[in-house]
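One structure below.
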2 protein chains.
Amino acid sequence: MLTTQDRTEAQAAALFKALAHPVRIAILDVLRHGEECVCHLEAILGKRQAYISQQLAVLRAAQIITDRRDGMNSFYLVVHPEIYALLDAARAVRGGANAAPTAPIRRESCPCPKCAPVAVVAD
Amino acid sequence: MLTTQDRTEAQAAALFKALAHPVRIAILDVLRHGEECVCHLEAILGKRQAYISQQLAVLRAAQIITDRRDGMNSFYLVVHPEIYALLDAARAVRGGANAAPTAPIRRESCPCPKCAPVAVVAD
DNA sequence: TGACAATATGCAGAGAATGGAATATACTGA
DNA sequence: TCAGTATATTCCATTCTCTGCATATTGTCA
């Protein structure tokens, strides 16, 4: 028999499991600023599309994020902003509270070819 | 090269990983009330000693708990009480904040033979 | 010192996660 | 309808994790 307690713990564990991955945390940090399309994540995190998509699928399965299609693009956004309390708390436990609560990884303009076809820095 | 950001994410991920297990969460919930010896955890959680000990080792490796030996017993206690903010936040995300923030699993008297050799309820 | 109790550790099989590659799907514009 | 772009899914080998069992370690008491 599964008590309410058990269920709570299992749910919490499942949530932690979904968060137990640096790339997924990085994705959530990017989404902190609002919804983003996959191409942004790809560009910002410097990972392959298929890989990003896989990690997004994990977060989606854990109901941490949802997607919204708009034409050719998929936009992802966090379902419960409370999730950021979790991320910040985790950093606080580790770094003693002064661990930068996510310096904006995001650049002024996304360097992906769609959004910023302006300048490709090649250094 | 590993940026500060990367390191923060890796640390947070490691913390989440340690928490991503229902039994380990249950252990932390028991420790919420203060330090406990292994025999208590064994009795309260209804798991075998070796199993509990292994999960404790995981939590210890993640520097979430520390132990203190006192004669024949080892007492475990949580290093950063902030960890409970994490657990509560996780439950809040899941259950919508009304998920009982850990109803005391602990019984009035620990049923382990050492502490309460008084009455073994047998229903 | 020897028997015993409490706890920790090592090992192994089963199962799950990771990450890379290929491929499928969905939408747009010509 | 066809080509092209954006994203998702599937497959797979490798690696990690879980968990039960046996055993080692450490402390206590007679």
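Throughout, a chain's letter reflects where its sequence line sits, starting with A, and its residues are numbered from 1.
Atom OH in A:Tyr84 sits 6.0 Å away from atom CZ in A:Arg32 (nearest 0.5 Å).
D:dT9 atom C1' lies 16 Å from atom CD1 of A:Ile52, rounded to whole Å. Look at CZ on B:Phe75: it is 13 Å from C1' on D:dG27, rounded to the nearest Å. Going from atom CG of A:Leu56 over to atom P of D:dA6 covers 16 Å, rounded to whole Å. To the nearest angstrom, C1' of C:dT28 lies 12 Å from CZ of A:Arg69. The distance between atom CG of B:Leu59 and atom P of C:dT9, rounded to the nearest whole Å, is 14 Å. When rounded to the nearest whole Å, the span between CD of A:Glu35 and P of D:dT7 equals 12 Å. Straight-line distance from the CD1 atom of A:Ile65 to the P atom of D:dT7: 13 Å, rounded to whole Å. For A:Glu36 and D:dA6, the CD to P distance is 16 Å, given to the nearest whole Å.
Residues B:Val79 and B:Leu59 are members of separate hydrophobic clusters, defined by side-chain heavy-atom contacts under 4.5 angstrom among Ile, Leu, Val, Met, Phe, Trp and Tyr.
Under 4.0 angstrom from either OP1 or OP2 of C:dT18 there lies at least one side-chain N or O belonging to A:Arg24. One finds a side-chain N or O of A:Lys17 lying less than 4.0 angstrom from the OP1 or OP2 phosphate oxygen of C:dA17. Close to C:dT7, at under 4.0 Å from its OP1 or OP2, lies a side-chain N or O of B:Asn73. The phosphate of C:dA6 has neither OP1 nor OP2 within less than 4.0 Å of any side-chain N or O from B:Tyr76. For the OP1/OP2 pair of D:dT9 and a distance below 4.0 Å, the side-chain nitrogens and oxygens of A:Arg60 include at least one atom meeting the criterion.
Along DNA chain D, the nucleotide nearest to A:Glu42 and the one nearest to B:Ala20 differ in position, and the one closer to the 5' end is contacted by A:Glu42.
Listed nucleotides: C:dC27, D:dT28, C:dA8. Nearest to the side chain of B:Met72: D:dT28.
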Shorter than 3.5 Å, N or O on both sides, protein versus nucleotides 19-25 of chain D: list them out with atom names.
unit_1, atom_1, unit_2, atom_2, d
D:dT19, OP2, B:His21, NE2, 2.5
D:dT19, OP2, B:Tyr51, OH, 2.9
D:dG20, O6, B:Gln54, NE2, 2.8
D:dC21, OP2, B:Arg48, NH1, 2.6

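Enclosure of atom CD in B:Gln49 by more than 12 non-hydrogen atoms of other residues, nucleotides or ligands within 6.0 angstrom is indicated. Crowding of A:Arg68 atom CZ: a count of heavy atoms from other residues, nucleotides or ligands under 6.0 Å exceeding 12.
Salt-bridge check for A:Asp29 with A:Arg24: failed, with every basic side-chain N at 4.0 Å or more from each acidic carboxylate O. Electrostatic pairing of A:Glu42 and A:Lys47 does not count as a salt bridge here, judged by no charged N lying under 4.0 Å from a carboxylate O.
As judged by a 4.0 angstrom heavy-atom cut-off over every strand, B:Ser74 is placed among residues touching the sugar-phosphate backbone only.
When side chains are defined from C-beta on, B:Ile65 does not count as touching B:Ile27, because their heavy atoms never get closer than 4.5 Å.
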